[in-house]
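Report on one structure; see the data block that follows.
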Amino acid sequence: MLDRRAWLISGVIILIAAGAYLLWLYRPKATYSARSLSAAQHHAEDAAKNKAQSLHIEGCREDFIVSPGELIEPRVVPGSSLNRFTSVYGSEPNRPDSSTYLWDQEAFTLTAINPNEKAAPESLRISVKGHHIVETLDGVELGLDSFSRIFGKMQDKKVEIHERILKDDKNWTLIVTIDSACSPKFRSEYTRTLPRNPETDREITQLPPAPGLDPGVPRSDIFMNKVVYDYAMVPSNGQDDSAAGNLSEHD
């Protein structure tokens, strides 16, 4: 009886061992295939497309390094001829009045202001349309960055910021001004307007003044979490060979 059990146990062990060997023999094996030349060429083309490129803007003192797909604006600076504007943004601007040229793009609207008809525009304004993002030459992403984010970016770059708050019967408007990255000949203005109401008035006028400022100067805290959609480039008193333009009127 004992011998029979021993034979049965031995048979079971042999079957288990045989099954394990078969599983090992027919296990799934890793396969390798060499990358084809066409695939390698396609990969190289993709890498070339993703490579940063140089963007030249006539009137700026240096070219800008941009990545493919980035929408960088403006590509024409104030003082450029109308022909230059139309060659970049299209040949048929709208004319709301005799001093205004308006180009309606997919992601934004560009308005060039020209006080004297047939003369070069003296300033320009970009207003981003909903759900679009436009990056300015300063590295600010209109339609995404809040004023707080802009302050942080400029602080990292050690760029001096000037701000002022305007009010009228209907609105409060914050204007943040910096030297344009294009050239000290221009300054950049980032703007946001909030409608006046008792709550907004209280938040702006009842906050204590910032350290070092005269009593009664309104604080811009209420604007800090607001996304910026509007940008303007206007002439400054600076020169290309100067360290900075003149922003004193915005102190």
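Every value quoted in this text rests on a predicted model; they were computed, and no experiment measured them.
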Give the minimum heavy-atom separation between [X] and [Y], together with the two atoms involved.
{"X": "Val227", "Y": "Gly143", "answer": "CG1-C, 3.5 Å"}
{"X": "Ala181", "Y": "Phe64", "answer": "O-CZ, 3.8 Å"}
{"X": "Lys153", "Y": "Val140", "answer": "NZ-CA, 4.2 Å"}
{"X": "Tyr89", "Y": "Arg75", "answer": "OH-N, 2.9 Å"}
{"X": "Trp103", "Y": "Ala112", "answer": "CZ3-CB, 3.9 Å"}
{"X": "Asn114", "Y": "Ala120", "answer": "OD1-O, 3.9 Å"}

Any Lys/Arg nitrogen of Lys129 or Asp104 sitting under 4.0 Å from an Asp/Glu carboxylate oxygen of the other? yes

Using a strict 4.0 Å threshold on nitrogen-to-oxygen distance, state whether Asp230 and Arg192 make a salt bridge. no

Donor-acceptor side-chain pairing of [X] and [Y] below 3.5 angstrom:
{"X": "Asp97", "Y": "Ser99", "value": "yes"}
{"X": "Thr111", "Y": "Tyr101", "value": "no"}
{"X": "Thr109", "Y": "Ser127", "value": "no"}
{"X": "Asp138", "Y": "Tyr190", "value": "yes"}
{"X": "Asp201", "Y": "Trp172", "value": "yes"}

With Phe186, which of Ser123, Ser236, Pro78 fulfils side-chain contact (heavy atoms from CB on, under 4.5 Å)? Pro78

Got a second to check how far [X]'s [atom1] is from [Y]'s [atom2], nearest 0.5 Å?
{"X": "Met154", "Y": "Ile161", "atom1": "CE", "atom2": "CD1", "result": "6.5 Å"}
{"X": "Leu102", "Y": "Leu124", "atom1": "CG", "atom2": "CG", "result": "12.0 Å"}
{"X": "His56", "Y": "Asp63", "atom1": "NE2", "atom2": "CG", "result": "6.0 Å"}
{"X": "Leu110", "Y": "Glu73", "atom1": "CG", "atom2": "CD", "result": "7.0 Å"}
{"X": "Asp168", "Y": "Thr173", "atom1": "CG", "atom2": "OG1", "result": "6.5 Å"}

Please check if [X] and [Y] belong to a single hydrophobic cluster, counting links between Ile, Leu, Val, Met, Phe, Trp and Tyr side chain heavy atoms closer than 4.5 Å.
{"X": "Ile165", "Y": "Ile178", "answer": "yes"}
{"X": "Val128", "Y": "Val66", "answer": "yes"}
{"X": "Leu142", "Y": "Leu144", "answer": "no"}

Can you say whether the rings of Phe223 and Phe147 are parallel (under 30°), tilted (30 to 60°) or perpendicular (over 60°)? perpendicular

Without swapping roles, check the side chain of Arg95 against the backbone of Thr100 for a donor-acceptor pair under 3.5 Å. yes

Would you confirm whether Thr86, through its side chain, and Leu82, through its main-chain N or O, come within 3.5 Å as a donor-acceptor pair? yes

Can you find a heavy atom in the side chain of [X] that is under 4.5 Å from one in the side chain of [Y]?
{"X": "Tyr231", "Y": "Val134", "answer": "no"}
{"X": "Leu55", "Y": "Ile72", "answer": "yes"}
{"X": "Thr200", "Y": "Pro195", "answer": "no"}
{"X": "Asp145", "Y": "Val228", "answer": "no"}
{"X": "Glu189", "Y": "Val234", "answer": "yes"}
{"X": "Met233", "Y": "Pro74", "answer": "yes"}
{"X": "Leu137", "Y": "Ile57", "answer": "yes"}
{"X": "Lys185", "Y": "Pro235", "answer": "no"}

Do other residues, nucleotides or ligands put more than 12 heavy atoms under 6.0 Å from [X] [atom1]?
{"X": "Arg149", "atom1": "CZ", "result": "no"}
{"X": "Lys167", "atom1": "NZ", "result": "no"}
{"X": "Glu70", "atom1": "CD", "result": "yes"}

Please list, chain by chain and in numerical order, all residues satisfying salt bridge (Lys or Arg N to Asp or Glu O under 4.0 Å) with Arg84, sequence neighbours excluded. Glu58

